[in-house]
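Have a look at the structure below before the remarks.
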Amino acid sequence: MKTKIRELLNQRKAIILAHNYQPPAIQDIADICGDSLELSIRAAQTEADVIVFCGVHFMAETASILCPDKMVLLPRQNAGCPMADMISAEALSARKAELPGVPVVTYVNSPASVKALSTVCCTSANAIKVATSLNATEILMTPDRNLARFVESRTSIKIHTWPGFCPIHDAIRRKDVVHARQKHPQAVFMAHPECRMEVLTLADEILSTSGMLRYAKSSRHSAFIVGTEVGLLYTLRKENPDKRFYPVSAGMECPDMKKIGLADIVHVLETLEGEVRVPKAVQEPAYEAVKRMIELA
Ligand code: 13P
Ligand code: SF4
């Protein structure tokens, strides 16, 4: 299957971009693995004609926003993100009308139509930098209330939140961290900013997925409690065979991130089915919001 995928990628002048949460077989075959920010940047830079995006729908949409002339294929159309579904363009328009003049910072985990109504996008890797770059006293941050509260705790900006969240990260509680620390007292606790504030206040480091990979590699510590989706453990362990990694709690698996298999990649490369394309009327304003973020990065 891997040989076949490589042949098809050459024929189609295609590359595979994969998120850090993808299953091991997908990460191993990918041309590039990364967090949401890195994958957006790489999508914007690639010279390939076709991008096979192994992640969830909003990630493929972001690639299409950045590369409207390329074909972006999502190998499983039903790989979505529940947090992205917690906001719509209509609901955001109504909220904006209540907050005239307030800039809108939208997490990339959102539909393209919501990005199109936003001042700028952000990811977990750059949310503080993006928010402070606006030099605003107040902003509306959508759709992740936890990321918004995290930014508020690290800046002097008044932040209007949106009631969205990631069901996987939001499920972690203070007691899970306390329990994990009791079991692994020497371990450093790394948390993703999609976690609740009660979890973030207990973290040694608050990082995006690729931020965790870099931190673990360069750290002098040898044991880590990992406060994010379990897919990251594969690369953490592969890159650091002498270090130990423990999930903060059981069941931190995003079902949407596990939908794509190698056979799905073969299928979309053979048939070119599964294209994600953002209509021009949405792509153009969404591009401005995503481009502003990438320029800051
Ligand atoms: P990162 O941007 O840190 O990779 O996170 C993406 C995501 O969906 C986390 O749930
Ligand atoms: Fe969405 Fe959470 Fe899954 Fe990331 S881990 S894709 S935020 S549901």
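In listed order, ligands and their atoms are each counted from 1.
Ion pairing between a basic and an acidic side chain is recognised when a charged N comes within 4.0 Å of a carboxylate O; Asp204 and Arg181 show such pairing.
Between Asn109 and ligand 1, a contact under 3.5 Å exists for at least one N or O pair. Ligand 1 has a nitrogen or oxygen under 3.5 angstrom from a nitrogen or oxygen of Glu194. Taking any N or O of Ser124, backbone or side chain, at least one lies under 3.5 Å from an N or O belonging to ligand 1. Between His19 and ligand 1, at least one pair of N/O atoms sits closer than 3.5 Å.
Using a 4.0 Å cut-off to heavy atoms of Asn109, the atoms of ligand 2 that qualify are 7 (S). When each atom of ligand 1 is checked for a heavy atom of His169 under 4.0 Å away, the hits are 10 (O). Numbered from 1 in the order shown, with element, the atoms of ligand 2 that lie under 4.0 Å from a heavy atom of Tyr21 read 5 (S). Each of the following atoms of ligand 1 lies closer than 4.0 Å to a heavy atom of Asp35: 1 (P), 2 (O), 4 (O). For ligand 2, the atoms closer than 4.0 angstrom to any heavy atom of Cys166 are 2 (Fe), 5 (S), 7 (S), 8 (S).
Under 4.0 angstrom from ligand 1, the non-hydrogen atoms of Thr209 come from both its backbone and its side chain.
Distances from atom 3 (Fe) of ligand 2 show that Cys254 has an N/O/S atom below 2.8 Å.
Assignment of Met83 to the shell around ligand 1 is not supported, since no heavy atom sits closer than 4.0 Å.
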